[in-house]
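First up is the structure itself, then whatever we jot down about it.
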Amino acid sequence: MSYKFKRVLLKLSGEALAGEKGFGIDFNICKRIAKEIKELKDNGLEVGIVVGGGNIWRGRAGRGMDRTTADHMGMLATCINSLALQDSLEECGVITRVLSALEIKQIAEPYIRRKAVRHLEKGRAVIFSSGTGNPFFSTDTAAALRAAEIEAEVILLAKKVDGIYDKDPMKNYDAKKYDRLNYIDILNKNLQVMDSTATSLCMDNNIPIIVFNLDVEGNILKAVKGDEIGTFVNK
Ligand code: GTP
């Protein structure tokens, strides 16, 4: 099988791990995702992963709480998800290292770019936890940043919908899906697929993004094979 990419950055939302429940971690889902990641590894791909935390903590959510505190809680939520995913990956035989942008060294290795790259070269899956380690930045921005740092060739942006639409397809039956988009279109049209910081970082560093539906089994592999699924974003 020929692949279009060699080193990829998979971005999973926290909600993806929650499955139907919408909250917490569904280990059946974790296992399913882990098996799909294993397929990538078995085919020689290097895989970095950034996972969000929305299944555990959704930020300030109407409480008007201090933004920095809320974001710190979100970073800790990503750590919980990262450890759950590591467990599922190792259960199916994928050697995995969790690196953390926050210093929590009893739980995870500190994030060091050269160490991350070495892990990838040695065939380990690498999960980047704690976002960027800074408040005011999303985990999508963490994905863009890590992708740039490790020189990933693409960001695989796993969603609950099958691509980018002109309006929310969950609420608008006439929403139109885009097969291809430029970064600047996302910014100009204010499409709610990634926040503008993450989109700009991808644009400035020329990192393509594939947005696809994670709920369809086998889609991660299809995305890296270059099959026409979801929406492809580049310059
Ligand atoms: P190499 O240097 O390529 O051999 O990588 P390695 O990760 O196998 O070696 P290392 O001895 O650094 O790590 C062994 C195990 O300890 C791995 O599971 C690491 O994730 C873990 N580990 C390494 N450093 C830390 C740390 O600072 N904190 C925690 N919690 N675990 C760590």
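Counting starts at 1 for both ligands and their atoms, in listed order.
Close to ligand 1: Arg97, with a non-hydrogen atom less than 4.0 angstrom away.
Not a single protein heavy atom sits closer than 4.0 Å to atom 11 (O) of ligand 1. For atom 3 (O) of ligand 1, the nearest protein heavy atom is under 4.0 Å away. Within the 4.0 Å cut-off (strictly below), a protein heavy atom is located near atom 25 (C) of ligand 1. Shown here, atom 16 (O) of ligand 1 is out of close reach of the protein: none of its heavy atoms lies under 4.0 Å off. At a distance under 4.0 Å, a protein heavy atom can be found next to atom 7 (O) of ligand 1.
Nearest protein heavy-atom neighbour of atom 5 (O) of ligand 1: Arg124 NH1, 3.0 Å. Ranking the protein heavy atoms by distance from atom 9 (O) of ligand 1 puts Lys115 NZ, 4.5 Å first.
A donor atom on one side chain and an acceptor atom on the other are found under 3.5 Å apart for Asp195 and Thr141. Using modelled atom types and a 3.5 Å distance limit, the side chains of Thr78 and Ser129 yield no donor-acceptor pair. For Asn219 and Asn213, the side-chain atoms include no donor-acceptor pair closer than 3.5 Å. Donor-acceptor pairing under 3.5 Å is lacking for the side chains of Tyr165 and Gln192. Donor-acceptor pairing under 3.5 Å is lacking for the side chains of Ser196 and Thr199.
Every atom of ligand 1 is numbered from 1 in the order shown, and the set under 4.0 Å from a heavy atom of Lys105 is 26 (C), 27 (O), 28 (N), 29 (C), 30 (N). Shown in contact with Ile107 at under 4.0 Å from a heavy atom are these atoms of ligand 1, numbered in order with element: 30 (N). Contact atoms of ligand 1 toward Lys122: 1 (P), 3 (O), 4 (O) (distance under 4.0 Å to a heavy atom of the residue). Atoms of ligand 1 found under 4.0 Å from any heavy atom of Pro110 (numbered from 1 in listed order, with element): 27 (O).
Judged by distance alone, with hydrogens and angles left aside, the side-chain atoms of Glu36 form a donor-acceptor pair with the main-chain N or O of Gly218 at under 3.5 Å. Side-chain atoms of Asp168 come within 3.5 Å of backbone N or O of Met170 as a donor-acceptor pair.
Applying the side chain to side chain donor-acceptor pair (under 3.5 Å) test to Gln86 and every residue at least two apart in sequence or in another chain returns nothing.
Residue Glu91 forms a salt bridge (Lys or Arg N to Asp or Glu O under 4.0 Å) with just one option from Lys35, Lys38, Lys31, and that option is Lys31.
At a heavy-atom cutoff of 4.0 Å, ligand 1 is contacted by both the backbone and the side chain of Glu109. Only the backbone of Gln106 comes within contact range of ligand 1, with a heavy atom under 4.0 Å; no side-chain atom does.
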